[in-house]
Amino acid sequence: MSSSALNAQKEKIKLVVFDVDGVLTDGTLSYSASGEAVKHFNVKDGVGIKLLQTYGVDVAVISAKTSEPLTKRMSDLGVKHFFPATTDKLKVLLELMSVLGIQLDEVAYAGDDVIDLKVMQKVGVSFAPSDAFWMVKKYATLELESAGGKGVAREVCDHILSAKMDLEEAYIKAMLPEFESKDFAKLV
C-alpha cells in the first residue's frame, strides 16, 4: 500500500482496538506471593488512548485474559468498550461494530500474537509491535518501532491522529490540567 493510500486509510479510522498482553504490556505475567496477577502499563499509552477518545475515535480493548489490574487500568482510562476473557476476538469486534455502526475498513487493530491474526487480516489498518511474533509482523499493515508495553498504543494513536490533524495541535488537549480526569473525553 502506498504512503498516500495508507494515510487515507488511517484517516478513515473510527475505532482503534488493542490487545493487552504483548501490546499494552510487555507480555510478562507476574504473580504476587498470594497469586494475584501484576501488570505493568506504560503511562504514555494512556495519554494516546485518552487523546483518541477526546477526538472522537472510539477505543476498544479485547483481551483473552482478565485481571483486576487490567480492569482498573481500563476504568482509569475511561475505555467504554472493554472485553476481557475473550476467546473469539473477531466475533466480539463484529458485534461492537454493529453497535457502533461502522465497517471493517474503519477499524485499526494492534496485536502481537497468532490469536490476533484473524482480526488483523480483516480490518482497515493493523499494527504489530516490534517484538511481535514473526507471523503477526508478516501480516500487519505496519510494524511499529515500539515493543510491547513500551509505548505501542501511543505510537498507534500518533499514526491515527496524524492522519486526521496536525499532531502538535492534537496534543494541546493533553496539556490541560483536567486531562488527567478519567472523564476528560466527556468534558470536551
Side-chain angles (χ1 to χ4, degrees), residues 1 6 9-10 12-30 37-42 45-46 48-50 52-53 56-144 146-160:
M1 184 180 300
L6 179 57
Q9 183 60 47
K10 289 189 285 187
K12 291 170 54 175
I13 299 302
K14 295 180 180 177
L15 172 67
V16 178
V17 182
F18 296 99
D19 174 40
V20 176
D21 294 317
V23 174
L24 297 181
T25 74
D26 67 4
T28 300
L29 294 176
S30 301
V38 178
K39 298 220 180 247
H40 300 272
F41 297 96
N42 190 309
D45 285 343
I49 288 170
K50 287 175 73 171
L52 281 176
Q53 295 173 101
V57 178
D58 279 309
V59 172
V61 172
I62 304 176
S63 178
K65 295 183 176 45
T66 189
S67 69
E68 286 302 313
L70 174 57
T71 300
K72 172 77 170 118
R73 183 67 174 146
M74 294 306 102
S75 173
D76 289 350
L77 294 176
V79 174
K80 296 181 294 191
H81 309 296
F82 172 47
F83 305 94
T86 299
T87 55
D88 188 340
K89 292 182 177 191
L90 183 58
K91 179 181 175 190
V92 168
L93 174 60
L94 292 173
E95 290 169 1
L96 177 59
M97 288 170 44
S98 176
V99 169
L100 297 175
I102 61 174
Q103 304 299 312
L104 281 166
D105 68 339
E106 297 171 313
V107 176
Y109 186 92
D112 72 306
D113 214 336
V114 293
I115 191 171
D116 302 305
L117 282 174
K118 192 173 170 184
V119 175
M120 292 175 76
Q121 293 176 331
K122 301 267 187 206
V123 298
V125 182
S126 59
F127 297 93
S130 63
D131 61 344
F133 183 63
W134 66 267
M135 193 181 302
V136 173
K137 291 195 279 188
K138 176 181 174 183
Y139 288 102
T141 309
L142 288 169
E143 181 180 338
L144 301 169
S146 303
K150 305 294 184 199
V152 167
R154 182 69 164 266
E155 191 175 342
V156 168
C157 295
D158 284 356
H159 272 282
I160 301 304

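Only this structure's heavy atoms are used, side chains among them; waters, hydrogens and symmetry mates stay out.
The two residues V136 and A128 make their nearest non-hydrogen contact at CG1-CB, 4.0 Å. Nearest heavy-atom pair, M120 versus A140, reported as atom, atom and distance to 0.1 Å: CE-CB, 3.9 Å. The two residues T66 and P84 come nearest to each other via the heavy atoms OG1-CB, 3.4 Å. Listed here is the closest heavy atom pair of A64 and K89: N-CE, 4.1 Å.
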Original post:
Going through the checks in order, is the side-chain contact (heavy atoms from CB on, under 4.5 Å) test met by V20 and K65?
Top reply: CA-CA 8 Å; V20 176; K65 295 183 176 45; over 6 Å; no

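Taking CD1 from I62 and CG from D19, the interatomic distance works out to 9.0 Å, rounded to the nearest 0.5 Å. A distance of 5.5 Å separates OG1 of T25 from NZ of K39, quoted to the nearest 0.5 Å. One distance of note links CD of Q9 with CD1 of I160; it measures 9.0 Å at 0.5 Å rounding. Of the inter-residue distances, the one linking D112 atom CG with F127 atom CZ reads 15.0 Å to the nearest 0.5 angstrom. For the atom pair CZ of R73 and CD1 of I49, the computed distance is 7.0 Å after rounding to the nearest 0.5 Å. Expressed to the nearest 0.5 Å, how far CG of L117 lies from CG of L90 amounts to 12.0 Å.
Residue pairs satisfying the salt bridge (charged side-chain N to carboxylate O under 4.0 Å, His left out) criterion with at least one member in residues 121-134, sequence neighbours excluded, are absent.
Crowding of F82 atom CZ: a count of heavy atoms from other residues, nucleotides or ligands under 6.0 Å exceeding 12. More than 12 heavy-atom neighbours from other residues, nucleotides or ligands sit within 6.0 angstrom of NZ on K137.
In this structure, the side chains of V156 and V16 come closer than 4.5 Å at one or more pairs of heavy atoms. Counting only heavy atoms from C-beta outward, the side chains of L77 and K50 approach each other to under 4.5 Å. Taking the side chain as every heavy atom from C-beta outward, V23 and P129 approach each other to under 4.5 Å. At least one side-chain heavy atom of L142 sits less than 4.5 Å from a side-chain heavy atom of H159. D88 places a side-chain heavy atom less than 4.5 Å from the side chain of K118.
Each of L15, L52, V79, V107 was scored for a side chain to side chain contact (heavy atoms under 4.5 Å, CB included) with D58, with one residue passing: L15.
At least one donor-acceptor pair closer than 3.5 Å links the side chain of D26 to the backbone N or O of T28. Judged purely by atom type and a 3.5 angstrom limit, S126 uses its side chain to pair as donor or acceptor with the backbone of T141. With hydrogens and angles disregarded, a donor-acceptor distance shorter than 3.5 Å links the side chain of E155 to the backbone of S146.
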Output side-chain donor-acceptor pairs under 3.5 Å for residues 92-103, partner residues at least two apart or in another chain, one line each.
none

